Peer 1: 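Sharing a structure, written as structure tokens. Questions coming.
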Amino acid sequence: MIIVVCYLIFHVKVNEMLNSFKRLPRSFYLRPTITVAKDLLGKFLVRKLGRKYLVGKIVEVEAYLHNDPASHSFRGKTKRNEVMFSEGGHLYVYFTYGMHFCCNVVTEEEDKGCAVLIRAVEPVENIEVMQHRRKIDISKNQFNLTNGPAKLCQAFDLGREENGTDLCGEKIWIGDAIRLTSHISSPISNRDIISTPRVGITNPSEHKWRFYIKGNGWVSRKNN
DNA sequence: CGACCGATTGACT
DNA sequence: GTCAATCGGTCGG
């Protein structure tokens, strides 16, 4: 009897979580990359890890377009970047600097090679799990948990195994909040989106394809 | 095959 | 502010 009740409570809890962050449909990703990039601000990255769901609000992104010299896809499909050429709505995770991972959302139709880099999220659910996964002491700076592309990948346990994951599936997805709680802000209005050149791109005529939520503490490199 | 370097981070002067 | 860590991708010989 007790076991049945516990199971039912657990079942309801899980469904609450799933319903709270409703998956974006495939059609969301099959749109122009800059549009998707801006619309991803304020959305919620959900990552199933064991029985828990890690959740973070996306606060900073960068767009990597078709025929973009700064994009990994610029020189065509390789084993490394092949996921970028899949249909929009898949996760492209790449390894860099010999020790870090960064994650992107593939956009537009198959073979376009477009994606949006997720540069920072604001922790929302199961923050203690993120803290455990990050090796660093964040007691003096809470933002250090997820205020960078490789930091959030470490916090959310995103690596080689997650490369190619379908965001319309059960393991990792991006959603809209259905039930808003006190620490979740309203949808992002256009005047609260700041555009700057992308970080670490050395092209002198770099476009302003980095977008972040104005005033959000988890945005990386605020001196930019 | 060797040299160079990167959509970064953390430690340190 | 500077800089090492660390390794796979890319490019030239």
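Note that these values count all heavy atoms, side chains included, but never hydrogens, waters or copies made by symmetry. Keep in mind that this is a model prediction, so the values were computed, not measured. The sequence lines fix the lettering, A, B, ..., with proteins before strands; numbering per chain opens at 1.
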Peer 1: Using modelled atom types only, decide if a donor and an acceptor are shared between the side chain of A:E122 and the backbone of A:G56 within a distance under 3.5 Å.
Peer 2: no
Peer 1: Rounded off to whole Å, could you give me the CE-to-P distance for the A:M99 and B:dG10 pair?
Peer 2: 11 Å
Peer 1: Below the 4.0 Å mark, does B:dA7 have OP1 or OP2 next to a side-chain nitrogen or oxygen of A:R210?
Peer 2: no
Peer 1: Whole-Å distance between B:dA7 P and A:F74 CZ?
Peer 2: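 These atoms are roughly 14 Å apart.
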Peer 1: Closest to the A:F95 side chain: C:dG8, B:dA7, C:dT10?
Peer 2: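 Closest nucleotide to the A:F95 side chain: C:dG8.
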Peer 1: Tell me which nucleotide, if any, is Watson-Crick or G-U wobble paired with C:dG13 when both distances must be under 3.5 Å.
Peer 2: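 Looking at the geometry, C:dG13 pairs with no nucleotide.
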Peer 1: Starting at atom CE of A:M84, determine the distance to atom P of C:dG9, rounded to an integer number of angstrom.
Peer 2: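 In whole Å, C:dG9 P and A:M84 CE are 15 Å from each other.
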Peer 1: Could you tell me how far apart A:Y97 (OH) and C:dA4 (C1') are, to the nearest whole angstrom?
Peer 2: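 So the OH-C1' distance, A:Y97 to C:dA4, works out to 13 Å.
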Peer 1: Could you tell me how far C:dG1 sits from B:dA7 if I compare only their C1' atoms? Round to whole Å.
Peer 2: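 To the nearest whole Å, 23 Å.
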Peer 1: Does a side-chain N or O from A:R75 land closer than 4.0 Å to OP1 or OP2 of C:dG9, or not?
Peer 2: no
Peer 1: Let's test this: given Watson-Crick or G-U wobble pairing with both distances under 3.5 Å, identify the partner of B:dA7.
Peer 2: none
Peer 1: Any side-chain heavy-atom pair from A:F101 and A:R160 closer than 4.5 angstrom?
Peer 2: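 They are in contact (side-chain heavy atoms under 4.5 Å apart), so the answer is yes.
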Peer 1: Look at the side-chain N and O atoms of A:K151 and state whether any lies under 4.0 Å from the OP1 or OP2 oxygen of B:dG10.
Peer 2: yes
Peer 1: Specify the separation, in whole Å, of atom NZ of A:K77 and atom P of C:dG9.
Peer 2: 16 Å
Peer 1: Specify the separation, in whole Å, of atom OH of A:Y94 and atom P of C:dT10.
Peer 2: 13 Å
Peer 1: Quick one: is A:H72 getting a side-chain N or O under 4.0 Å of the C:dG9 phosphate, OP1 or OP2?
Peer 2: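 The answer is no; no side-chain N or O of A:H72 sits under 4.0 Å from OP1 or OP2.
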Peer 1: Hey, does the side chain of A:R119 reach the backbone of A:V199 with a donor-acceptor pair shorter than 3.5 angstrom?
Peer 2: no
Peer 1: Can you check whether A:N144 has a side-chain N or O nearer than 4.0 Å to OP1 or OP2 of B:dG10?
Peer 2: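 Checking A:N144 against B:dG10: at least one side-chain N or O falls below 4.0 Å of OP1 or OP2.
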Peer 1: Which part of the nucleic acid, if any, lies within contact of A:R80, taking any heavy atom under 4.0 Å across all strands shown: a base, the sugar-phosphate backbone alone, or nothing?
Peer 2: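 The answer is sugar-phosphate, as A:R80 gets under 4.0 Å only of primed atoms, P, OP1 or OP2.
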Peer 1: Give the rounded distance in Å between these two atoms: NZ of A:K140 and C1' of B:dA11.
Peer 2: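 Nearest whole value for this atom pair: 13 Å.
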Peer 1: Find the distance A:L117:CG to B:dA7:C1' and express it as a whole number of Å.
Peer 2: 5 Å
Peer 1: Under 4.5 Å between any side-chain heavy atoms of A:I58 and A:I174, yes or no?
Peer 2: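 They are in side-chain contact.
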Peer 1: Measure centre to centre between the rings of A:H72 and A:Y64, then say whether the value is under 6.0 Å.
Peer 2: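 They do not qualify: ring centres at least 6.0 Å apart.
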Peer 1: Judged by each residue's nearest nucleotide on DNA chain B, which is more toward the 5′ side, A:T202 or A:A150?
Peer 2: A:T202
